[in-house]
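These notes are about the structure you will find just below.
Just so we're on the same page: letters track the sequence lines, and every chain starts at 1.
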There are 2 protein chains.
Amino acid sequence: MSELRDPIRSGARPGGRSLRVQEAVHAAVTALIEEVGREGLTVPQVAARAGVTPSTIYRRWNDMTTLISDVAQRNLRVDCPLKPSGRLSEDLPAWAEMYQEEMDSTPGRAMIRDVLRGWDGTQKACPLLDAVRPSIALICEASGEPVTFDVEAVIDAVVAPLVTRIVFTDAPLPATLARDAAVAFVAQHSSGK
Amino acid sequence: MSELRDPIRSGARPGGRSLRVQEAVHAAVTALIEEVGREGLTVPQVAARAGVTPSTIYRRWNDMTTLISDVAQRNLRVDCPLKPSGRLSEDLPAWAEMYQEEMDSTPGRAMIRDVLRGWDGTQKACPLLDAVRPSIALICEASGEPVTFDVEAVIDAVVAPLVTRIVFTDAPLPATLARDAAVAFVAQHSSGK
DNA sequence: CCCTTAACGCAAAGAATTTGCTTTTATTCG
DNA sequence: CGAATAAAAGCAAATTCTTTGCGTTAAGGG
């Protein structure tokens, strides 16, 4: 959509006033989304609430879509309190179930959409999948058994069907969709080859 | 995002001038995307090219995002010249390969993103998956063998991993990603149970 | 502690969007 | 096959959003 200011740059000023402004704006967006929804949410409105000039927002984020996407990305960080038991056949399904509950909810769905709207496909990092890989990797490592598959394979088998439905459909999901996929995946990769 | 005018409604006027305006606007969008790209494409610009008043566009589509999404949805109709051989183990991988080529291309990726940006998740019909189901169903029916799976299962196994990568990443895809998934899927559903 | 300059504030200029009203013209019905 | 009806388009004024130039504030580095 449009280049956000690169936070890692020589001479950049990530602290102090800049940071306060960023926090105030993010908070204002979050609050106003609650109050008036995403539609009919305008930059001048956010600016007023944050105690900031509209031009400040335009210069940093360019437009409302990018700003909302930026806020949504912060909320993607699901700090899941994982306590891997070490048994893949338990941990992966458990995580999958939790992940589905997190994502297939009104705020979860809205968050994914918000992230996507501000995503133009030219950035390297993919916020949603990047947020997920560490958890999967952790579960695999905790497993004593040597894994014969890739983290990407898990994403294909359990994350992809889930997010595809969330992104492209309105219909409520079967409660055990992700869990079942995880169980099937583990079964397939332990028995046989 | 915002309700497009319901085309099926008592008293609606799908023909005549309305239709001409719609076609002119769609054509203008397509042409201008080529010339100036999606960014920096404005409603007044489109209106001028289409020989229409801006207010006409605003009243019908509400905003540029919705209009672009609407245009992209028309282009989703991939009339794939399928000639099912009747052997699932050939037809499904062949279709998967073709589908990937169609979607994992610069215009294909842009199209998917355009559709998603105008998608607020409250419509019943899902333009992307709806465009795919008939093809899969056709292949399954053409197969003499009685199928032991669902169309949705195919979507989960081959379409989902594909679109997830397209939607969430910038990285180029392995050329045989979808084909391989299709082969594995057929193998799994013919042997064994 | 001072210097440099990134980032903000302010206000004017410019562009996009909304809105009330009029006109055109599909569609329906007699 | 004409009216009659109302959906959709045109037009223009009013509003609101966005951009931009320039002065001011205050991080970060020497």
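Counting to the nearest Å, the P atom of dA7(C) and the CH2 atom of Trp61(A) are 11 Å from each other. Computed from coordinates, the Met64(A) CE to dA16(C) P distance equals 20 Å when rounded to whole Å. The CG-P distance, from Asn62(A) to dA7(C), rounds to 14 Å in whole Å. Atom-to-atom, CG of Leu19(B) to P of dA9(D) comes out at 11 Å; the value is rounded to the nearest Å. Taking atom CZ of residue Arg59(B) and atom P of nucleotide dC21(C), one finds them 12 Å apart after rounding to whole Å. Taking atom CG on Asp63(B) and atom P on dT16(D), their separation rounds to 19 Å, with Å as the unit. One interatomic measurement links the two molecules: CG of Leu41(B) to P of dA16(C), which rounds to 11 Å at whole-angstrom precision.
By the 4.0 Å N-to-carboxylate-O rule, Asp120(B) lies too far from Arg113(A) to be salt-bridged with it.
Note on Thr42(A): a side-chain N or O is less than 4.0 Å away from OP1 or OP2 of dC17(D).
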Every protein N/O within reach of nucleotides 26-30 of chain D N/O, cut-off under 3.5 Å:
unit_1, atom_1, unit_2, atom_2, d
dA27(D), N3, Arg13(A), NH1, 3.2
dA27(D), N3, Arg13(A), NH2, 3.1
dG28(D), OP1, Gly15(A), N, 3.2

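Pairs engaging residues 149-171 of chain A under the salt bridge (Lys or Arg N to Asp or Glu O under 4.0 Å) rule: Arg133(A)-Glu152(A), Asp156(A)-Arg165(B), Arg165(A)-Asp156(B) [sequence neighbours left out]. Among residues at least two apart or in separate chains, salt bridge (Lys or Arg N to Asp or Glu O under 4.0 Å) pairs with a member in residues 175-186 of chain A are Glu97(A)-Arg179(A).
Among the nucleotides dA16(C), dC22(D), dA7(C), the one closest to the side chain of Arg60(A) is dA7(C). Set against dA9(D), dG20(C), dT20(D), the side chain of Val21(B) has dA9(D) as its closest nucleotide. In the set dT20(D), dA16(C), dG10(D), the nucleotide with an atom closest to the side chain of Thr56(B) is dG10(D).
Remark: Arg49(A) engages Ala28(A), Ala31(A), Leu32(A), Glu35(A) in a side-chain contact (heavy atoms from CB on, under 4.5 Å) (not counting sequence neighbours). Listed by chain and number, the residues in a side-chain contact (heavy atoms from CB on, under 4.5 Å) with Pro127(A) are Gln73(A), Leu76(A), Val115(A), Trp119(A) (sequence neighbours excluded). Residues passing the salt bridge (charged side-chain N to carboxylate O under 4.0 Å, His left out) test with Asp91(B), sequence neighbours excluded: none. Ile33(B) pairs by the side-chain contact (heavy atoms from CB on, under 4.5 Å) definition with Val29(B), Arg38(B), Leu41(B), not counting sequence neighbours. Every side-chain contact (heavy atoms from CB on, under 4.5 Å) that Arg87(A) has, sequence neighbours left out, goes to Ser85(A), Ser89(A), Glu90(A).
Against DNA chain D, the stretch residues 44-54 of chain B makes heavy-atom approaches under 4.0 Å through Gly51(B), Val52(B), Thr53(B).
The base of dC8(C) is not paired with the side chain of Ser55(A) by any donor and acceptor separated by under 3.5 Å.
Between the Thr53(B) side chain and the Ser55(B) main chain, no donor and acceptor come within less than 3.5 Å of each other.
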